[in-house]
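Dropping the structure in here first, questions after.
Reminder, nothing fancy here: chain letters follow the sequence lines and each chain counts from 1. Model, not experiment: these values are computed from the prediction.
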Number of protein chains: 2
Amino acid sequence: MSSFEKGFAIYERIKISIREKIDSGILKPGDRILSEVELANLFNASRMTANRALKELTAEGRIIRIQGVGSFVAKSKPEVALLEIKSIAEEIAKWGGVHSSDMILFKEESVSKNIAGKMDINAGDRVFHSIFVHKDEDIPVQYSERFINPRVAPKYLEQDFTKMTPSEYLLEIAAIQESEHTIEAIIPKKAIQKLLQIKHGEPCISLKRRTWSFDLVATYSILIYPGSKYKLSGKIRRGKI
Amino acid sequence: MSSFEKGFAIYERIKISIREKIDSGILKPGDRILSEVELANLFNASRMTANRALKELTAEGRIIRIQGVGSFVAKSKPEVALLEIKSIAEEIAKWGGVHSSDMILFKEESVSKNIAGKMDINAGDRVFHSIFVHKDEDIPVQYSERFINPRVAPKYLEQDFTKMTPSEYLLEIAAIQESEHTIEAIIPKKAIQKLLQIKHGEPCISLKRRTWSFDLVATYSILIYPGSKYKLSGKIRRGKI
DNA sequence: ACAATCAAATTGTATATACAAGTAAACACA
DNA sequence: TGTGTTTACTTGTATATACAATTTGATTGT
């Protein structure tokens, strides 16, 4: 054990040594890894300690194990490309901009048939409806329209959203267990074009989101980004963000 | 143990019972979980078996454990909303549609300055360049243009992509360790409009992707989807506190 | 009242042991 | 040659035990 590895538990040291061999390319996908017994001898540990190390590497997706055969380096499978959707304030803060937002609408109303269908409630039921336009350096970068189920967030209208974003508030008070996102390219309606200060015919990204809390649709949101001013991007490393 | 739980290992049964309590809301975020010793007694198991169950639930982000204090239901903060970008073939297969693709371009060439910059290579270096148009029921659903670094996939041009998609091939032979995605809304150029059989002015989603293999840019791809015909959707991933 | 100490509870790590279950190769036998 | 059988190896699960580290609350002493 090098002094560098001091302070790490034995099973951690085993994990690190294997991870390093994989990351550096010494071990390639499909290559065999030392067996539990061999690792135990190599590290002067018991088999159970080596077992723990390999078990955790399996859970992390770095290796695969086949009973009766052995352990092997996993084939890196970023077959799921993931794109992280951050809050607009987060995005702007990241590159140092100044965030502000205009409240366009903020009230309780009867829900239309169209939205009711999306939220799995009855047309005419009461919902909270809010529209904000978010700006960076006074340039509109996002139109956000939300419908909130009062059964999930009964005090939505009483909140002060100058300090906390609606998303943050909803995450705070409701146990959001599921969400669904849909992205499409659109040419927004005139009213939204005006709010976003864009020319007619300029394409925008439309991001629609539904969230659920205990089988109840908690929110239905429509976020619109001007295509010329905003990009969604994400970088991942081996499955993790 | 109910008969339903037959076939599961003891530690699995413990995990399932706790997960069910969390998912059903019986246990709420922050609630205390039975200690290892209590669980061991409850399930007639040893402490180590209960330990394994709780350890794995911790790794899965469902609970948190504090030495000397106890185990508690984790506060699920799905602040990371992730879009899952699937291959076009995958999406269409799910729908049961008939997928076909036209090869528009497939050759080796000298790279332009612009693309060279994206790929971190020198202008004039050789790269493989391919353009496909994917169709579902003869309707174009995706334009895909790829630049491939020959150092990563030297035999790219020799492949038969009627059976396997370029993405799948690249995943097979190259260890892709990192990837970056950028989504924006665009109005495509005339040539692409024609290939996708869309009207002038129709907005599209542009998805640009770069992948890395051992610090080398392996591929640079530009995927364009007609906004009206294609949607990207994703679901949430449970994040740790 | 305050501070130091102690005890109990809890999680974290490590070990030795045991047996089950699966695989693959060597082996024995017809 | 072909076919079961055995054997060796590997991973999977479970247990009992031990001690370390941390936190919390109770106890004790001043």
Practice problem: Would you please name every residue forming a side chain to side chain donor-acceptor pair (under 3.5 Å) with Tyr156(B), sequence neighbours left out? | Solution: Ser130(B)
Quiz item: Sequence neighbours excluded, which residues qualify as side chain to side chain donor-acceptor pair (under 3.5 Å) partners of Arg151(A)?
Solution: none
Quiz prompt | Rounded distance in Å - CD1 (Ile64(B)) to C1' (dT10(C)) | solution = 14 Å
Practice problem: Sorted by first residue and then second, give each salt bridge (Lys or Arg N to Asp or Glu O under 4.0 Å) pair with at least one member in residues 32-50 of chain A; sequence neighbours left out. | Solution: Glu36(A)-Arg47(A), Glu36(A)-Arg65(A)
Exercise. Apply salt bridge (Lys or Arg N to Asp or Glu O under 4.0 Å) to Asp102(B) and list each qualifying residue two or more places apart in sequence or on a separate chain.
Key: Lys135(B)
Exercise. Please tell me which of Gly68(A) and Gly68(B) maps to the more 5' nucleotide of DNA chain C, matching each residue to the nucleotide holding its nearest heavy atom.
Key: Gly68(B)
Exercise. Check side chain to side chain donor-acceptor pair (under 3.5 Å) between Thr219(B) and all other residues, then give those that pass, not counting sequence neighbours.
Key: Thr211(B)
Practice problem: Output yes when at least one side-chain N/O atom of Ser71(B) is less than 4.0 Å from OP1 or OP2 of dT10(C), else no. | Solution: no
Exercise. Take the protein atom CG of Leu39(A) and the nucleotide atom P of dC9(D), then report the distance between them rounded to whole Å.
Key: 17 Å
Self-check item: Spacing of Ile222(A) atom CD1 and Ile115(A) atom CD1 [to the nearest 0.5 Å]
Solution: 5.0 Å
Practice problem: Would you mind reading off the distance between Arg32(B) atom CZ and dT10(C) atom P, rounded to a whole angstrom? | Solution: 6 Å
Practice problem: Let me have a per-nucleotide readout for nucleotides 12-17 of chain C, 5' to 3', with B, S or -, counting only protein heavy atoms under 4.0 Å. | Solution: BBBBBB
Quiz item: What is the distance, rounded to the nearest whole Å, between atom CZ of Phe72(B) and atom P of dT22(D)?
Solution: 17 Å
